[in-house]
Amino acid sequence: MSGQLSPIDKAKFVAAKRAVDFVEDGMRVGLGTGSTSAWMVRCLGELVREEGLKIRGVPTSTRTAELARQVGIEVISLDEAKWLDLTIDGADEVDSDLNLIKGGGGALLQEKIVATASDQMIVIADAAKEVGQLGAFPLPIEVIPFGWQTTKALVEETLINVDVLTRDTTLRMNGEAPYVTDEGNYIIDMHLSRIGNPRQLALIVNQIPGVVENGLFIDICDIVVIGHGDGRVEVRDINAGTVEEDRVDFLENENLFIDL
Ligand code: 5RP
């Protein structure tokens with residue numbers, strides 16, 4: 001069955017599979033959003049069902065909440081959990097300092113709140129997400145619908161004085177209508193090509209009235225697990241300064257592919 005997965009899906013799967021090794025009994029775990037995180041939720045669900053792992057999960061989107069319940073994970077709200085032991089989530093780009101662009105799946109606001117409320121954040125990604133400099137992937141910002149066009153104009157004006165390569169902004173669409181987040185907001189994607197100073201940009205953008213949050217995750221991620229299509233994984237720990245190499249066996253995990 002795993003033979004039917006594309007190399008990129010295999011890479012996402014092995015990263016997710018390796019990351020759930022960090023989850024221990026009794027933990028409150030932040031559950032990310034996106035295709036890589038969906039693998040992680042399935043892997044965790046299997047541990048809950050087959051090995052009796054006891055965890056409570058705080059999902060970062062309605063999509064993830066639904067999947068987590070389906071696979072048998074107890075779902076609680078962040079307010080119930082208050083603080084989390086660990087969050088595992090995907091990313092759109094990861095640089096060598098483990099700073100991230102997130103929000104390609106439109107869940108950046110809840111993802112940032114949940115990751116920030118965690119002792120540790122682990123990012124899971126295929127190798128294509130690793131970049132020398134952030135910015136080729138459009139940077140999403142979540143804005144409130146009221147006056148969004150004015151907010152967009154203010155964002156564009158702000159970008160004039162920022163070290164980026166291009167400055168296009170687009171409202172994210174869902175067919176003919178604006179894409180609406182779980183919080184009822186819109187998303188503006190900023191096409192910047194290269195971000196010279198992500199830390200500065202993250203602070204400046206959040207000053208603009210109407211902007212709720214941006215998809216730059218600076219100093220939030222502790223560990224990144226990079227997966228490859230052949231089963232290899234690298235685990236980079238920014239605090240310990242270590243890089244470990246490992247391998248995940250697809251054959252041992254065939255049951256996870258049955259429903260696909
Ligand atoms: C959702 C996200 C995702 O983690 C990010 O877009 C990566 O998605 P995928 O795992 O599908 O490549 O930030 O808001």
Side-chain angles (χ1 to χ4, degrees), residues 5-20 29-44 57-68 78 86-95 98-116 118 121-131 134-143 170 172-174 178-192 195 198 202 205 211-218 220-229 233 256 260:
L5 295 183
S6 68
I8 204 108
D9 277 326
K10 284 184 175 172
K12 289 177 178 189
F13 168 74
V14 295
K17 182 72 188 166
R18 177 64 183 84
V20 300
V29 184
L31 307 172
T33 294
S35 54
T36 322
S37 291
W39 281 119
M40 175 272 297
V41 173
R42 288 189 196 106
C43 291
L44 275 180
V58 174
T60 51
S61 62
T62 48
R63 275 166 284 163
T64 298
E66 202 175 308
L67 179 61
L78 182 57
L86 175 64
T87 284
I88 306 178
D89 199 350
D92 300 300
E93 285 187 350
V94 186
D95 75 8
L98 305 199
N99 291 324
L100 319 168
I101 287 184
K102 283 187 53 55
L108 68 102
L109 179 56
Q110 290 190 20
E111 288 173 336
K112 200 182 259 192
I113 294 171
V114 167
T116 305
S118 305
M121 181 195 195
I122 299 179
V123 159
I124 47 179
D126 58 274
K129 306 282 183 61
E130 283 189 293
V131 295
L134 298 174
F137 191 91
L139 174 63
I141 51 173
E142 183 153 342
V143 302
T170 49
R172 193 177 294 184
M173 301 297 287
N174 182 11
Y179 174 89
V180 178
T181 70
D182 275 352
E183 302 303 318
N185 296 317
Y186 292 170
I187 287 192
I188 292 172
D189 288 304
M190 306 200 291
H191 305 264
L192 309 174
I195 302 172
V205 168
V211 173
V212 182
E213 193 48 86
N214 69 80
L216 283 165
F217 283 48
I218 309 292
I220 295 178
C221 174
D222 300 285
I223 293 175
V224 64
V225 182
I226 297 287
H228 298 266
V233 283
L256 276 162
L260 301 177

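Remember, it's 1-based here, ligands and their atoms both numbered in the order they're listed.
When all heavy atoms are compared, the tightest approach of L100 to A91 is CD2-CB, 4.3 Å. Residues T116 and K112 approach most closely at OG1-O, 2.6 Å, considering heavy atoms. Taking each heavy atom of I187 and P140 in turn, the nearest pair found is CG2-CB, 3.9 Å. When all heavy atoms are compared, the tightest approach of E142 to N185 is OE2-ND2, 2.9 Å. Of all the heavy atoms in W39 and A16, the pair that sits closest is CB-CB, 3.6 Å. The minimum heavy-atom distance linking A15 with G227 is given by the pair CB-N, 3.8 Å.
For ligand 1, the atoms lying closer than 4.0 Å to a non-hydrogen atom of G90 are 4 (O). The G106 neighbourhood of ligand 1 comprises atoms 14 (O), with distances under 4.0 Å to a heavy atom of that residue. Below 4.0 Å from some heavy atom of A91 lie the following atoms of ligand 1, by number and element: 4 (O), 5 (C), 7 (C). Short contacts between ligand 1 and G105, defined as distances under 4.0 Å to a heavy atom of the residue, involve ligand atoms 1 (C), 2 (C), 6 (O), 14 (O). Residue-ligand proximity, G103 to ligand 1, at heavy-atom distances under 4.0 Å covers atoms 2 (C), 13 (O), 14 (O).
Shortest contact from atom 3 (C) of ligand 1 to any protein heavy atom: T33 O, 3.2 Å. Distance from atom 5 (C) of ligand 1 to its nearest protein heavy atom, with residue and atom name: D92 OD1, 3.2 Å. With respect to atom 12 (O) of ligand 1, the closest heavy atom belonging to the protein is K129 NZ, 2.8 Å. Of the protein's heavy atoms, S35 OG, 2.5 Å lies nearest to atom 11 (O) of ligand 1. Looking at atom 10 (O) of ligand 1, its nearest protein heavy atom turns out to be T36 OG1, 2.5 Å.
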- Task: Please test T170 against D189 for side chain to side chain donor-acceptor pair (under 3.5 Å), starting from the C-alpha separation and ending with a verdict.
- Result: CA-CA 5 Å; T170 49; D189 288 304; 4.7 Å; no
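Distances from atom 1 (C) of ligand 1 to the heavy atoms of K102, E111, Q110 put E111 nearest.
For the pair G34 and ligand 1, the shortest N or O to N or O distance does not fall below 3.5 Å. When only interatomic distances are considered, the shortest N/O to N/O separation between S37 and ligand 1 does not fall below 3.5 Å.
Applying the side chain to side chain contact (heavy atoms under 4.5 Å, CB included) test to V143 and every residue at least two apart in sequence or in another chain returns I141, W148, T151, Y186, I188, V211.
With a 4.0 Å cut-off on non-hydrogen atoms, S61 does not touch ligand 1 at all. Contacts with ligand 1 closer than 4.0 Å are made by side-chain heavy atoms of D89 only, the backbone lying farther away.
With hydrogens and angles ignored, the 3.5 Å screen pairs a side-chain donor or acceptor of R63 with a backbone N or O of G105.
At a 4.0 Å cut-off, not a single heavy atom of G32 sits close enough to ligand 1 to count as contact.
In summary, the side chains of D182 and S61 do not present any donor paired with an acceptor at a separation below 3.5 Å, with no hydrogens or angles considered.
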